[in-house]
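Remarks on the structure that follows.
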Amino acid sequence: MIDLRALRDDPETFRASQRARGADEHLVDTVLDLDARRREALAAFEAKRAEQKSLGRLVAQAQGEEKTELLARTKALAAEVKALEAEASELAQRAEAAAFEIPNLVLDGVPAGGEDDYAVLRHVGTPRDFAAEGVEVRDHLAIGEALRAIDTERGAKVSGSRFYFLTGIGARLELALLNAAMDKAVAAGLTPMITPTLVKPEAMAGTGFLGEHAAEVYHLPQDDLYLVGTSEVALAGYHAGEILDLSDGPLRYAGWSACYRREAGSHGRDTRGIIRVHQFHKVEMFVYARPEDAEAEHERILAFEEEMLDLVELPYRVIDTAAGDLGTSAARKFDCEAWLPSQERWLELTSTSNCTTFQARRLGVRERTEDGSTRIVATLNGTLATTRWIVALLENHQQADGSVRVPEGLRPYLGGLEVLTPVA
RNA sequence: GGAGACGUCGCAUAGUCUGGUCUAGUGCGCCGCCCUGCUAAGGCGGUAGGGGAGCAAUCCCCUCGAGGGUUCAAAUCCCUCCGUCUCCGCCA
């Protein structure tokens, strides 16, 4: 939810933001108009309501004929009040619905344009030259099957396409990655959390996932609950409706959860292996910060992600996502993409969004300021590890003999194992 | 799954039966001031959130778990939902 008062004060900034996203800028004027009408209707209702209340007080004290007469007046008033209230609340709903359509205001410096208009901020590490090494590149599924680590056939048998089993060393590898991520989070001062994966509509809507991406989300109609696509949803809802004390710095969490995605719009994309699946695990960072600290905190989260990528020794690049490719809630987003040797392209492994006050406004998360008043906080999120990392790990560390080298940072989580060897 | 009790402005509690000076009282906590060698005690005052109008002082509206309803008028009566607790059943 955008800041209506800010939109009223400076609509041009919002129009510019809409243009950068390739979204409809006239929506701003629709909201402006509805908001003006809403306030007008509200003032009319409130004036009439005040009259009704003061008259009501007289009724309580009056006796006999005077009372009868007052009752007649106040009875007529009641009908007017009811009508004005209905009008005001209808306009309030329409204004809010329109305001909900406007995605978050993009930050200065975010590249304009769509999916392909990202800016590459830097490259870290160098992809291996497999040809020079004499290694015939195999993709993660071929490697994973040889290691008896990934079983997509039985995943499909049990649950359908885009499901899989991680077996043996595959299961251990995922646990190793996620445990390493959790340890990293704890060392960095984040509070580890294991979160619900079924949430109420309010939590889902509050994080902005029921807008244009509603088709991506699993819904259980019998219980009106949603399966989360990320623990961000639960962690954002965690402090919903609360007034926080951020005087000792931001509140930083790391949520471990299963994630569920329908992948409704991605038929035919990444159908092989476990790159794009319906269910996976993730350790997600989530931060509540003061609005003026949000950009610094965003850099901090990005730094944690990069440290994690360094730990597993993956070559990657960092991109600054273009406005049109931002989620509804995000004002800026940095992705880290690891090199995928089998396809010779970059694969998103982490994504960190600065949602400024957009999510917190919907969810009613505020802080108590020095002067005793309250104001909306900023929220940020970022990936620390997911099941998908296994893909990049297997491919980048594969060796000529079909084995896979375990990066040193991960060895303590695999009982010191240095090499994953194919099962004969 | 069944039966019952409960949900009030940070915390605790009054108010609900019997609708109207409830414009939600009181205690604790917190903040300011006074008193006072210091501290404690005591005294006085202030202490929820959201929204609207206004240059401002200020005024008004909404919120007593949430949403509806009845009524001239709802914390109070009725309905639905959510949550907490107790007991029973069922399952671990």
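Here is the naming used below: chain letters follow the sequence lines, and residue numbers restart at 1 for every chain.
- Taking atom CD of A:Glu202 as the reference point, atom P of B:rG67 lies 12 Å away to the nearest angstrom.
- For A:Phe163, the ring-ring contact (aromatic ring centres under 6.0 Å, His included) criterion is met by A:His278, not counting sequence neighbours.
- Judged by Watson-Crick or G-U wobble contacts below 3.5 Å, the nucleotide B:rU13 has B:rG25 as its partner.
- Using a 4.0 Å cut-off between charged nitrogen and carboxylate oxygen, A:Arg19 and A:Glu12 count as a salt-bridge pair.
- Comparing the C1' positions of B:rA48 and B:rC34 gives a spacing of 27 Å, expressed to the nearest Å.
- In this view, A:Arg290 and A:Glu367, A:Glu370 satisfy the salt bridge (Lys or Arg N to Asp or Glu O under 4.0 Å) rule, not counting sequence neighbours.
- Between A:Glu232 and A:Thr207 the shortest heavy-atom distance is O-CG2, 4.1 Å.
- Rounded to whole Å, the distance from NZ on A:Lys200 to P on B:rG65 is 16 Å.
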Per-pair distances, 0.1 Å, donor-acceptor, side chain in residues 74-93 of chain A, under 3.5 Å, sequence neighbours excluded:
unit_1: A:Glu80; atom_1: OE1; unit_2: A:Lys48; atom_2: NZ; d: 3.1
unit_1: A:Ser89; atom_1: OG; unit_2: A:Ala86; atom_2: O; d: 3.4

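- At a threshold of 4.0 Å, the pair A:Asp270-A:Arg162 does not count as salt-bridged, since none of the basic side-chain nitrogens sits closer than that to a carboxylate oxygen.
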Got a list of protein N/O to nucleotides 46-53 of chain B N/O distances below 3.5 Å?
unit_1: B:rG49; atom_1: OP1; unit_2: A:Arg368; atom_2: NH1; d: 2.8
unit_1: B:rG49; atom_1: O3'; unit_2: A:Arg366; atom_2: NH1; d: 2.7
unit_1: B:rG49; atom_1: O2'; unit_2: A:Arg366; atom_2: NH1; d: 3.1
unit_1: B:rG50; atom_1: OP1; unit_2: A:Arg366; atom_2: NH1; d: 3.3
unit_1: B:rG50; atom_1: OP1; unit_2: A:Thr374; atom_2: OG1; d: 2.4
unit_1: B:rG51; atom_1: N2; unit_2: A:Glu46; atom_2: OE1; d: 3.3
unit_1: B:rG51; atom_1: N2; unit_2: A:Glu46; atom_2: OE2; d: 3.4
unit_1: B:rG52; atom_1: OP1; unit_2: A:Arg8; atom_2: NH2; d: 3.0
unit_1: B:rG52; atom_1: OP2; unit_2: A:Arg5; atom_2: NH2; d: 2.7
unit_1: B:rA53; atom_1: OP1; unit_2: A:Arg39; atom_2: NH1; d: 3.0

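- If you check residues 356-363 of chain A against RNA chain B, you find no residue with a heavy atom closer than 4.0 Å.
- Each side-chain hydrogen bond (donor to acceptor under 3.5 Å, both in side chains) pair with one or both residues in residues 409-424 of chain A, not counting sequence neighbours, appears once here: A:Asp183-A:Tyr413.
- Between A:Asp9 and A:Arg5 there is no salt bridge, since none of the side-chain N atoms of the basic residue sits less than 4.0 Å from a carboxylate O of the acidic one.
- Separation of the P atoms belonging to B:rU16 and B:rG7 is 12 Å when rounded to the nearest angstrom.
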Atom pairs under 3.5 Å, N or O on each side, protein against nucleotides 74-81 of chain B: can you list them with distances?
none

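- Comparing A:Ala78 and A:Glu51 along RNA chain B, the residue whose closest nucleotide (by nearest heavy atom) sits nearer the 5' end is A:Glu51.
- Side-chain N/O atoms of A:Gln52 include none lying less than 4.0 angstrom from OP1 or OP2 on B:rC72.
- Interface residues of residues 84-105 of chain A facing RNA chain B, ordered by number: none; criterion, heavy-atom separation under 4.0 Å.
- Counting non-hydrogen atoms under 4.0 angstrom, A:Lys48 reaches nothing in the nucleic acid.
- The two residues A:Val406 and A:Val419 have their closest heavy-atom pair at CG2-N, 4.0 Å.
- Here, B:rC64 and B:rA75 have their P atoms 7 Å apart, quoted to the whole Å.
- Comparing the P positions of B:rC17 and B:rU23 gives a spacing of 16 Å, expressed to the nearest Å.
- The same atom, P, is picked in B:rG43 and in B:rC28; the two are 9 Å apart, to the nearest Å.
- Comment: A:Asp245 does not engage A:Arg368 in a salt bridge, judged by the lack of any side-chain N to carboxylate O separation of less than 4.0 angstrom.
- Checking B:rG45 for Watson-Crick or G-U wobble geometry (two distances, each under 3.5 Å) identifies B:rC31 as its partner.
- For the C1' atom pair drawn from B:rG68 and B:rU63, the interatomic distance equals 16 Å after rounding to whole Å.
- Taking a pair to require two hydrogen-bonding distances under 3.5 Å in either a Watson-Crick or a G-U wobble arrangement, B:rG20 pairs with B:rC72.
- The neighbour count for A:Glu242 CD, taken as heavy atoms of other residues, nucleotides or ligands under 6.0 Å away, is above 12.
- Atom-to-atom, CG of A:Asp245 to C1' of B:rC30 comes out at 14 Å; the value is rounded to the nearest Å.
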message: Run A:Phe280 and A:Tyr164 through side-chain contact (heavy atoms from CB on, under 4.5 Å) and show every step you take.
response: CA-CA 9 Å; A:Phe280 58 94; A:Tyr164 56 96; 3.7 Å; yes
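- B:rG15 sits 43 Å from B:rA56 when the P atoms are compared, rounded to a whole Å.
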Polar pairs (N or O, both sides) under 3.5 Å between protein and nucleotides 14-23 of chain B?
unit_1: B:rG20; atom_1: N2; unit_2: A:Gly56; atom_2: O; d: 3.3

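- The only member of A:Val199, A:Thr230, A:Thr328 that meets side chain to side chain contact (heavy atoms under 4.5 Å, CB included) when paired with A:Phe209 is A:Thr230.
- Using Watson-Crick or G-U wobble geometry with both donor-acceptor distances under 3.5 Å, B:rC55 finds no partner in any strand shown.
- Between A:Glu337 and A:Arg317 there is a salt bridge, with a side-chain nitrogen of the basic residue lying less than 4.0 Å from a carboxylate oxygen of the acidic one.
- Using Watson-Crick or G-U wobble geometry with both donor-acceptor distances under 3.5 Å, B:rC38 finds no partner in any strand shown.
- Every pair tested for salt bridge (Lys or Arg N to Asp or Glu O under 4.0 Å) that includes a residue from residues 186-198 of chain A fails, sequence neighbours excluded, so the list is empty.
- Nucleotides B:rG25 and B:rU8 have their C1' atoms positioned 12 Å apart, rounded to a whole Å.
- Checked against salt bridge (Lys or Arg N to Asp or Glu O under 4.0 Å), A:Asp3 has the following partners two or more places apart in sequence or in another chain: A:Arg361.
- When the salt bridge (Lys or Arg N to Asp or Glu O under 4.0 Å) test is applied to A:Glu297, the partners found at least two apart in sequence or on another chain are A:Arg252, A:Arg300.
- Not one side-chain nitrogen or oxygen of A:Lys82 sits closer than 4.0 Å to the OP1 or OP2 atom of B:rG69.
- Residues A:Arg272 and A:Glu145 are not paired through a salt bridge, judged by the lack of any N-O separation under 4.0 Å between the basic side chain and the carboxylate.
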